[in-house]
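My questions all concern the structure below.
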Amino acid sequence: MLRLYDTATATVRPLDLRTEGKVAMYVCGPTVYDRAHLGHGRMALVFDVLRRYLLFSGLEVNFVSNVTDVDDKIIERAAAEGRTEVDVAAQFEATWWEDADALGVLRPDEAPHATAYVERMVEFIEELVRRGVAYETSDGVYLDVGQVRGYGLLARQSLESLRAGARVELAEDKRSPLDFVLWKKAKPGEPTWASPWGPGRPGWHTECVVMSLDLLGDGFDLHGGGLDLAFPHHENERAQAVALGHPFARHWVHNGWVMVEGQKMSKSLQNFTTLRDLIERADARAFRLLVLGAHYRSPIEVTPETMEQSGAALSRLDALARRFSLHSPLEDAGFVVKGVGPAAQADPASVERFCDAMDDDLDTPAARAMIFELVTRANELADEGRSEEGRAVAATVNVLCAVLGLALRGSDDDVLDPEIAALVAERDRARARRDWASADEIRRRLSESGWVVEDSPEGTRIRHR
RNA sequence: GGCGGCGUGGCCGAGUGGUUGAGGCAGGGGCCUGCAAAGCCCCGUACGGCGGUUCGAUUCCGCCCGCCGCCUCCA
């Protein structure tokens, strides 16, 4: 059984499901006002791996991840560029899905939009006001956090110490600096929705409570996101649920940062690399492999050097796929389930070892390490001429990589240019008559065209560099 | 000020109270190969500093130094 670190209790504990065999999870998605960066990418990958592992374990997973399409930054950008908010949000939502697809991240089962939930949010806020936990001010409606039992759970701090460190200005009629906005009254030119407090828009923290409870129900299993969301975003979501007596998430999972020269990658520091840049420059699978190499809660440095190292490691995996003509099960199915279909080819003892690692708070570094040990083993067996045994081990590698969302690529010569194919055939003829000079000359030419040439028992084999 | 995290070999990055230092990358040597590529084998006197606990600490405790994060929008 999977044991996961839970931010609320600061302990690693067994995943305790609301309904046996079913996992309802909610992961906070992006605010679509700009291109996603590597930090968003890591978040998407971490939860994609968690989801895939739960599926592999035979659980039924309902994965919900929202899109925040109403927000100050979207409004600012729209104003700056003379566009509508809807237009800005649509553009960056589209790029978000493109990037996620490129990373091999499975699409959520549901991806609710804040703008589609405003009415329900208004009802939710009304209920909070009715119960006296929220109050109206000149510029909006706020939640009185002092009335929420256990506020500070996710920050792991008391209300008093949070108050002491608060850096927010205390607005005129706001009761406490920690009170957060549920409804923002509109300023001129802003997009609005009707409410009992006049035209305005919902605050960020309300959408996720309302949408998660609506789509997954009270006491859903797992709520996740980047560590920076633990406080105040998730704390505030929870506060609203608690204030209305809704059991909220049973587990809180947060991933660590992507670092840049020792500092957190963020928009405000301007030290970010967009996912698009990375995907254009490198194999997206190398990024996944890099993310898998560190524990999900540890910080990771993503630099051209670490990406290059990860790319080299990936090419070793691809080389194995080439050697054994492996076909990734991900090419046919989006994910794999233990013992089912192609996954049944995996060696049970190795799968057990793999699961032991993954069950331990998603220890992907250990899982990755054992996969590489299997790679060596498979090659070793093949070198000894025990190819069937080697093939079995390689098949296991293929399946375990697929569990982690990594599709191994055995070859990329499926659409071979006729001219290139002719060169390959010519080289085989030259080699057959032991005309090494010609064979080497052809290899040189292929190499100039970006191909790596390898001799194999089946003849010349080429692949892209 | 409050709360939390980190400091491991050339690089990335795990981990553990104890004879033999995950895994990957890079590097050196060897085997294989017509030559390569791929692969395999061998090679590394690591755990920020100072104390303490212990038969024994990189791993536990204390202090110190350095770095980072959250307490404001943020994956």
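So you know, we letter chains A, B, ... as the sequences are listed, proteins then strands, and number each from 1. The figures here come from the full heavy-atom set of this structure, side chains too, leaving out hydrogens, waters and symmetry mates.
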Quantified in whole Å, what is the P atom distance between nucleotide B:G18 and nucleotide B:C3?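 Those two atoms are separated by 32 Å.
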Could you provide the dot-bracket string of RNA chain B, using ( ) for intrastrand pairs, [ ] for crossing pairs and | for bases paired to another strand, with Watson-Crick or G-U pairs below 3.5 Å? (((((((..(((.....[....))).(((((.......)))))....(((((..]....))))))))))))....
May I have the distance from A:N255 (atom CG) to B:G5 (atom P), rounded to whole angstrom?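 To the nearest whole Å, that distance equals 17 Å.
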Short N-O contact, A:R353 and A:E373, less than 4.0 angstrom: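 A salt bridge is present here (some side-chain N lies under 4.0 Å from a carboxylate O).
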In terms of side-chain geometry, is the basic nitrogen of A:E190 or A:K184 positioned less than 4.0 Å from the acidic oxygen of its partner? no
Taking for each residue the nucleotide of RNA chain B with the nearest heavy atom, is it A:A155 or A:G226 whose nucleotide lies nearer the 5' end?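 Its nucleotide being nearer the 5' end, the pick is A:A155.
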Charged N to carboxylate O under 4.0 angstrom, A:R52 versus A:D48? yes
Go through the structure and list residues passing ring-ring contact (aromatic ring centres under 6.0 Å, His included) with A:F272, not counting sequence neighbours. A:H37
Could you tell me whether A:V46 contacts a base, only the sugar-phosphate backbone, or nothing, with contacts defined as non-hydrogen atoms closer than 4.0 Å? nothing
Residue pair A:I300 / A:V291: nearest heavy atoms and the distance that separates them: CD1-CG2, 4.0 Å
Can you measure A:D34 atom CG to B:A75 atom P for me and round it to whole angstrom units? 11 Å
Residue that, paired with A:T31, satisfies side-chain contact (heavy atoms from CB on, under 4.5 Å) out of A:D69, A:I74, A:D72: A:I74
Please measure how far the C1' atom in B:U58 lies from the corresponding atom in B:G13, and state the result in whole Å.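 Their C1' atoms lie roughly 16 Å apart.
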A:H223 and side-chain contact (heavy atoms from CB on, under 4.5 Å): which single residue from A:R238, A:M25, A:H234, A:H254 fits? A:H234
Take the protein atom CG of A:L374 and the nucleotide atom P of B:A22, then report the distance between them rounded to whole Å. 17 Å
Any chance you could measure A:T206, atom OG1, to A:L182, atom CG, to the nearest 0.5 Å? 4.5 Å
Does a side chain donor of either A:T11 or A:R3 reach within less than 3.5 Å of an acceptor in the other side chain?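 No, A:R3 and A:T11 have no side-chain donor paired with an acceptor closer than 3.5 Å.
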What's A:G41 touching, base or sugar-phosphate or nothing? Going by heavy atoms closer than 4.0 Å. nothing
Salt-bridge test for A:R377 and A:E380: reply yes if a basic N is under 4.0 Å from a carboxylate O, no otherwise.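 Here A:R377 pairs with A:E380 in a salt bridge, since their nearest N and O are under 4.0 Å apart.
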Pairwise P distance, B:U59 and B:U16 [rounded to whole Å]: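 Those two atoms are separated by 13 Å.
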Over all strands shown, is A:R156 touching base, sugar-phosphate only, or nothing at heavy-atom distances under 4.0 angstrom? sugar-phosphate
A correct 5'-to-3' footprint of nucleotides 68-73 of chain B, with B, S and - meaning base, sugar-phosphate only and no protein heavy atom under 4.0 Å, is SSSBBB
In whole Å, measure the gap between the C1' atoms of B:G28 and B:A75 for me. 42 Å
Write down the distance separating the P atoms in B:G30 and B:C35, rounded off to the nearest Å. 14 Å
How is A:E373 classified with respect to the nucleic acid when contacts are heavy atoms under 4.0 Å: base, sugar-phosphate, or nothing?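 Sugar-phosphate, backbone atoms only, no base.
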Hey, which of A:D6, A:L2, A:L4, A:V253 is the one that makes side-chain contact (heavy atoms from CB on, under 4.5 Å) with A:D361? A:L4
Is any side-chain heavy atom of A:H251 closer than 4.5 Å to a side-chain heavy atom of A:L15?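 Of all side-chain heavy-atom pairs linking A:L15 with A:H251, at least one is under 4.5 Å.
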Could you write nucleotides 33-44 of chain B as a row of B, S and -, 5' to 3', where a protein heavy atom under 4.0 Å of any base atom gives B, of only sugar-phosphate atoms gives S, and otherwise -? -BBBBSSSS---
note: A:N271, atom CG; B:A75, atom P; distance rounded to Å ~ 13 Å
Specify the residue among A:V258 and A:L314 whose closest nucleotide of RNA chain B lies further upstream toward the 5′ end. A:L314
May I ask you to say what A:G39 touches in the nucleic acid, namely base, sugar-phosphate or nothing, with a heavy-atom cut-off under 4.0 Å? base
Tell me the interatomic distance from A:D318, atom CG, to B:G24, atom P, rounded to whole angstroms. 16 Å
Could you state the CG-C1' distance from A:L404 to B:G23, rounded to the nearest angstrom? 14 Å
Would you tell me whether A:D359 and A:Y53 have side-chain atoms, one donor and one acceptor, within less than 3.5 Å of each other?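 A donor-acceptor contact under 3.5 Å links the two side chains.
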Pairs: protein N or O with nucleotides 13-17 of chain B N or O, under 3.5 Å:
unit_1, atom_1, unit_2, atom_2, d
B:G13, OP1, A:E301, N, 3.3
B:G13, O2', A:G293, O, 3.1
B:A14, OP1, A:H295, N, 3.1
B:A14, OP1, A:S298, OG, 2.9

Is it true that A:E207 and A:N66 share a donor-acceptor pair across their side chains at a distance under 3.5 Å?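 There is such a pair between these side chains.
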Could you pull out all residues at least two apart from A:E261 that satisfy salt bridge (charged side-chain N to carboxylate O under 4.0 Å, His left out)?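 Applying salt bridge (charged side-chain N to carboxylate O under 4.0 Å, His left out) to A:E261 gives none.
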Expressed in angstrom and rounded to an integer, what is the separation of A:E308 atom CD from B:C25 atom P?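 Checked: the CD to P distance equals 12 Å.
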Pair A:K187 + A:D139: basic N to acidic O under 4.0 Å: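 Judged by the 4.0 Å cut-off on N to carboxylate O distance, A:K187 and A:D139 do not form a salt bridge.
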What interatomic distance, in whole Å, is found between P of B:C70 and the corresponding atom of B:C25? 34 Å
Expressed as a whole number of Å, how far does the C1' atom of B:A37 sit from that of B:C32? 12 Å
Given the C1' atoms of B:C61 and B:G17, what is the spacing between them in whole Å?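 The same atom, C1', in both gives a distance of 13 Å.
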